[in-house]
Amino acid sequence: MKQHIVVLTGAGISAESGIKTFRDADGLWEGHDVMEVATPQGFKKNPELVLDFYNQRRRQLQTVQPNQAHLDLAALEKTYNVTIVTQNVDDLHERAGSNAIVHLHGELRKVRSTGNPEAITPWDQDLHLGDLCKQGYQLRPHIVWFGEDVPKIEAAIEICQTADILVIIGTSMQVYPAAGLLDYTPKNTPIYYIDPKPASVANKAVTLIQKSATEGTKVLLDLLKDKI
Ligand code: APR
């Protein structure tokens, strides 16, 4: 049976595709205070600003491509049973060809009803005030904002509990519950953490690969060759 590799990805894996990370530029995200554009309070205060912000992100997503790190993770499925648990709302893992992806923080290319969180629908155009679900509620981006529940976290914990190897790529490990996932892997599961500026992680099992996602993933593949 193939070994199970769980890969936890963050904004850093998409940086080389041209999508900015959240915390690399003075706490601003594409020029915005995160609290204004990524909280339920921000949406209540200025829904048009928030919708416009995600419209821009959705449009930008159409202009970028998966990079070699996304592609290498997809190719890893030839040898391993791979599950990607991503904090990213882009679809670059999907476009690279990965098959098992859990989006912890939602997806840019979907929207959902403000009246029914289960009413989620694909959405590739701009979203405006007045765009309603079938029950007549305003639609909102299908994004987990700060302060909101992370509905997929239970599934992600179960996935981590069956990991033979955990790989972490391009995340500052600042945002919980995602950052706590490494505590759920079985004891002695090797953990590889690829990031040019990794956070300090108090876990003995962690091998640091202090490189960009594309460079670091190359190193990882070499290290894994010795394990098969
Ligand atoms: N390759 C790999 N990692 C990189 C690269 C790169 N080319 N460039 C930057 N990084 C790293 C940074 O060093 C940092 O550790 O990516 C990480 C990005 O961290 P954050 O911006 O905090 O992004 P992330 O950890 O994904 O944020 C988590 O916070 O704002 C919320 O919901 C949002 O999902 C997001 C969550």
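Counting starts at 1 for both ligands and their atoms, following the listed order.
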R109 and D90 ion-paired at < 4.0 Å: no
Contact atoms of ligand 1, heavy-atom distance to G10 under 4.0 Å: 26 (O)
Geometric cation-pi criterion, R58 with Y54: 6.0 Å, 45°: no
Closest contact, heavy atoms only, D164 versus P190: O-CD, 3.3 Å
Any N or O of V144 closer than 3.5 Å to N or O of ligand 1: no
Non-neighbouring partners of F43 that pass ring pair (Phe, Tyr, Trp, His ring centres under 6.0 Å), sequence neighbours left out: W145
Ligand 1 atoms in contact with K197 (distance to a heavy atom under 4.0 Å): 13 (O), 15 (O)
Connected via hydrophobic side-chain network under 4.5 Å: I159 and I5: no
contact_flag E16 ligand 1 heavy-atom lt 4.0 Å: yes
A213, S172, A69, A179: member with heavy atom nearest to atom 22 (O) of ligand 1: S172
Any side-chain donor near an acceptor of the partner, D72 and T217, under 3.5 Å: no
Ligand-residue contact atoms, ligand 1 with T171, heavy atoms, under 4.0 Å: 15 (O), 17 (C), 24 (P), 25 (O)
Test of proximity, S212 against ligand 1: N or O pairs below 3.5 Å: no
Side-chain heavy-atom pair L104, T86 within 4.5 angstrom cut-off: no
Among Y176, Y193, F146, closest by any non-hydrogen atom to atom 31 (C) of ligand 1: F146
Residue pairs fulfilling salt bridge (Lys or Arg N to Asp or Glu O under 4.0 Å) with at least one residue in residues 206-217, sequence neighbours excluded: E215-K218
D195 heavy atom under 4.0 Å from ligand 1: yes
Within reach of ligand 1, part of V175 (heavy-atom separation under 4.0 Å): side chain
Any N/O pair A11/ligand 1 closer than 3.5 Å: yes
Under 3.5 Å: N/O of Q87 near N/O of ligand 1: yes
